[in-house]
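One structure is given below, encoded as structure tokens.
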Amino acid sequence: MLEVSNLECVRGDRRLFAGMNFSVQPGELLHVHGPNGSGKTSLLRMLCGLAAPAEGEIRWNGESIRSLREDYCKEMTYFGHLAGIKEELTALENLRVAVQLAGGDSAEDGLLDALDRMGLAGREDLPAKVLSQGQKRRVALARLLLCPTRLWILDEPFTALDVTAVKMVQQLLSEHLHNGGMVVLTTHQEVDIPAGTVRRIHLN
Amino acid sequence: MNRAGSVDFSLWGAFRCIVARDLTLAMRRRADVLTTLFFFVIVVSLFPLGIGPEMATLRIMAPGVVWVAALLASMLSLERMFSADYRDGTLEQMLLTPQPLPVLVLGKVFAHWLVSGLPLVLIAPLLGVQYDLPPEGLLILAVSLLVGTPVLSLIGAIGAGLTLGVRGGGVLVSLLVLPLYIPVLIFGAGGVDAAMSGLGAQAHLSLLGAFLLGALILAPWAAGAALRISME
């Protein structure tokens, strides 16, 4: 489980938040919301270990993520503002590299199934530069189907997705929570997840 | 959570995955690769035109000119090493994979050297002919570049990592990295000189080899740390 104690975030001269405490248990979804510039992305980047907190500690199963590093990365998938898609590679190649590096199962059939499920059937071999913004995000999200991680940290996962894709991602989150996974996400949309506990944090 | 599907992915696998990815990308963006090579060819070819056809003078200058041109060409391509990955977010993902970062950095540096360093090594003997270098000089020129250019890529990776996302990063990286290239330049060009004057280039090449080993061990860690700092 993920625990955060006394977390403080400073951006430039501004202190965005301080003394933040929360924990995420298996089967829980933490919905971080707040106005633009309130530090949602900063919080998520700290939670995945990309940024260092000004103060406080983030622990995974009781150990600091700073000392766990690669062992923590094995358990965590981060999906940021940037989709992490190479324009010159095809959808399939993009997914294969991402899954291989994340240590997932990169068998061809599994990759094709995942793309199919994300509604990209028939577009596997197109270079990502001819895909639309939403389709690129779908390729990036297909990773979630193939990486067996327990904690998902998703920064605005619904951006640029159409109604069906949003439903699909919510379904995916619901399955993940049902299997004892954990999710931390930011979004301005309402999250409608039947399974698991949804908790909220408001930043301002 | 079912973890049976996860495959044990070795360090070698991670290295190969990055190299294959970067080589595919380079093949699909060939213009970028050719710029470095053309830059090197043109800079080296301009000197004989500017200095005139005095063979003795050209022969003396050749090792230095070719090596300085290689330094500048390698400098020119450094910016490409991480910046595209930084812009589209793939670098961020790379830092968050369970693979050790130095291995991934080493993979990226190796792929970068294959497309921007190795072509220089291969074409250098041909360019050396313009300077009337004797065969043993040409041979040592190619060998010294073969050992020396990977050092340039490795040291350059640290600079490229540190200047990621910085405005005017290209100029900054030259100021940061060129001074560190000086030992490689001295022993690379010196080796060719020594071979032509009959002293033998072994000492110079051994030192270059030592630089390469040192850089292979230290640079991936330093560049990895630089990337982590730049991403914060």
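Residue numbers start from 1 in every chain, and the chains themselves are labelled A, B, ... in the order their sequence lines are given, proteins ahead of strands. If you're wondering where the values come from, they're calculated on a predicted model, not measured in any experiment.
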Spacing of SG belonging to A/Cys48 relative to CG belonging to B/Leu96, to within rounding of 0.5 Å: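 Those atoms lie 4.5 Å apart.
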Spacing of CZ belonging to B/Arg28 relative to CG belonging to A/Leu89, to within rounding of 0.5 Å: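 Going from the CZ atom of B/Arg28 to the CG atom of A/Leu89 covers 6.0 Å.
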With a sphere of 6.0 Å drawn around [atom1] of [X], does it hold more than 12 non-hydrogen atoms of other residues, nucleotides or ligands?
X        : atom1 : value
A/His178 : NE2   : no
A/Arg123 : CZ    : no
B/Glu79  : CD    : no
A/Arg66  : CZ    : yes
B/Phe47  : CZ    : no
B/Phe38  : CZ    : no

Test side chain to side chain contact (heavy atoms under 4.5 Å, CB included) applied to B/Met231 and A/Arg45, step by step: CA-CA 10 Å; B/Met231 290 306 286; A/Arg45 287 177 71 86; 4.3 Å; yes
Identify which part of [X] has an atom lying under 4.5 Å from any heavy atom of chain B, answering side chain, backbone, both or neither.
X       : result
A/Ala83 : backbone
A/Ile85 : backbone
A/Arg69 : side chain

Under 4.5 Å heavy-atom distance to chain A, tell me which part of [X] shows up: side chain, backbone, both or neither.
X        : result
B/Gln93  : side chain
B/Leu101 : backbone
B/Ala20  : neither
B/Arg29  : side chain

Compare every heavy atom of [Y] with every heavy atom of [X], then report the nearest pair and how far apart it is.
X        : Y        : answer
A/Ala102 : B/Pro98  : O-CG, 3.6 Å
A/Glu70  : B/Pro100 : OE2-CA, 3.5 Å
B/Met94  : A/Leu101 : CG-CD1, 4.2 Å

Stepwise side chain to side chain contact (heavy atoms under 4.5 Å, CB included) check, B/Thr97 with A/Cys73: CA-CA 6 Å; B/Thr97 59; A/Cys73 291; 6.0 Å; no
Best-contacting candidate, A/Leu82, A/Leu146, A/Thr77, against chain B by heavy atom pairs under 4.5 angstrom: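 Result: the option with the highest number of such pairs is A/Leu82.
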Pair A/Lys86-B/Asp85, side chain to side chain contact (heavy atoms under 4.5 Å, CB included): steps then yes or no: CA-CA 8 Å; A/Lys86 280 269 153 217; B/Asp85 287 354; 2.6 Å; yes
Close side-chain approach of B/Glu92 to A/Leu50, heavy-atom, < 4.5 Å: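 They are in side-chain contact.
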Salt bridge present between B/Arg21 and A/Glu93 (N-O < 4.0 angstrom):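 No, no charged N to carboxylate O under 4.0 Å.
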